[in-house]
Structures are given as structure tokens and as C-alpha cells.
S.K.: 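Take a look at the following structure, please.
Note that these values count all heavy atoms, side chains included, but never hydrogens, waters or copies made by symmetry. One-based numbering along the sequence shown.
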Amino acid sequence: MEAKDYIVKRIDGDYAILSRIDDSTEDEILVARALLPDQIDEGCKLHWESLEYSIIE
């Protein structure tokens, strides 16, 4: 699977709305917060690879 980078646009309860950093033409995605690192906040950058999200410093 291809690695992708996202930014957290919004947090809405138990879900986060993510947008691709490198491809603005892709739709935003809704991801359950349980699948994301605990420390996320709006504006946080995430790296997705091998079905796991990690925070980009």
C-alpha cells in the first residue's frame, strides 16, 4: 500500500476529518479517533502507512 500524509482538518466527537497534504483534489476522509494516535489535535499532520497512523513532527 502507498504511504500517504494527512492533516487533521476537524475533530467531531469520536471522528476526525482528514485531508491529504500532497493531493488537494482528493476528498476529505472521516476516520474514527480510536484508529489515530491519542495526541492528535486540529492542524496535526499524520503519516499513514501499513494501516497505521503516526504523527509527523
Side-chain angles (χ1 to χ4, degrees):
M1 296 189 141
E2 178 185 337
K4 299 177 183 180
D5 293 327
Y6 294 94
I7 189 164
V8 179
K9 290 290 193 175
R10 286 189 325 270
I11 295 177
D12 187 13
D14 290 336
Y15 295 91
I17 293 85
L18 307 181
S19 178
R20 285 280 300 270
I21 292 174
D22 59 337
D23 188 357
S24 61
T25 61
E26 266 195 46
D27 292 335
E28 294 177 338
I29 61 170
L30 186 67
V31 178
R33 289 185 64 188
L35 300 174
L36 302 173
D38 291 335
Q39 306 86 352
I40 67 157
D41 199 6
E42 292 181 3
C44 184
K45 293 179 182 178
L46 300 171
H47 180 76
W48 179 83
E49 189 170 17
S50 299
L51 303 176
E52 290 186 23
Y53 290 93
S54 58
I55 295 176
I56 300 172
E57 297 296 325

S.K.: Do the side chains of Leu51 and Ile56 join up, straight or via other hydrophobic residues, at under 4.5 Å, putting them in one cluster?
M.R.: no
S.K.: Using the rule that Ile, Leu, Val, Met, Phe, Trp and Tyr join whenever any side-chain heavy atoms are under 4.5 Å apart, tell me whether Ile55 and Tyr53 fall into a single cluster.
M.R.: yes
S.K.: Minimum heavy-atom separation for Cys44 to Ile40, with atom names?
M.R.: SG-CA, 4.3 Å
S.K.: Starting at CG of Leu30, measure out to CZ of Arg10 and round the result to the nearest 0.5 Å.
M.R.: 9.0 Å
S.K.: Under a 4.5 Å side-chain heavy-atom rule over Ile, Leu, Val, Met, Phe, Trp and Tyr, are Leu18 and Tyr15 clustered together?
M.R.: no
S.K.: Around atom CG of Asp23, are there more than 12 heavy atoms of other residues, nucleotides or ligands at under 6.0 Å?
M.R.: yes
S.K.: Between Ile17 and Ile29, is any pair of side-chain heavy atoms under 4.5 Å apart?
M.R.: no
S.K.: Answer with yes or no whether the hydrophobic clustering places Leu46 together with Ile7; edges join I, L, V, M, F, W, Y residues whose side-chain heavy atoms lie under 4.5 Å apart.
M.R.: no
S.K.: Can you see which heavy atom on Ser54 is nearest to which on Pro37, and at what distance?
M.R.: CA-CG, 4.2 Å
S.K.: To check you understand the geometry: which heavy-atom pair defines the closest contact between Ala16 and Arg33, and what is its length?
M.R.: N-CG, 4.0 Å
S.K.: If you count every heavy atom of other residues, nucleotides or ligands that lies below 6.0 Å from Asp14 atom CG, does the total exceed 12?
M.R.: no
S.K.: Kindly state each residue pair satisfying salt bridge (Lys or Arg N to Asp or Glu O under 4.0 Å) with at least one member in residues 40-53, sequence neighbours excluded.
M.R.: none
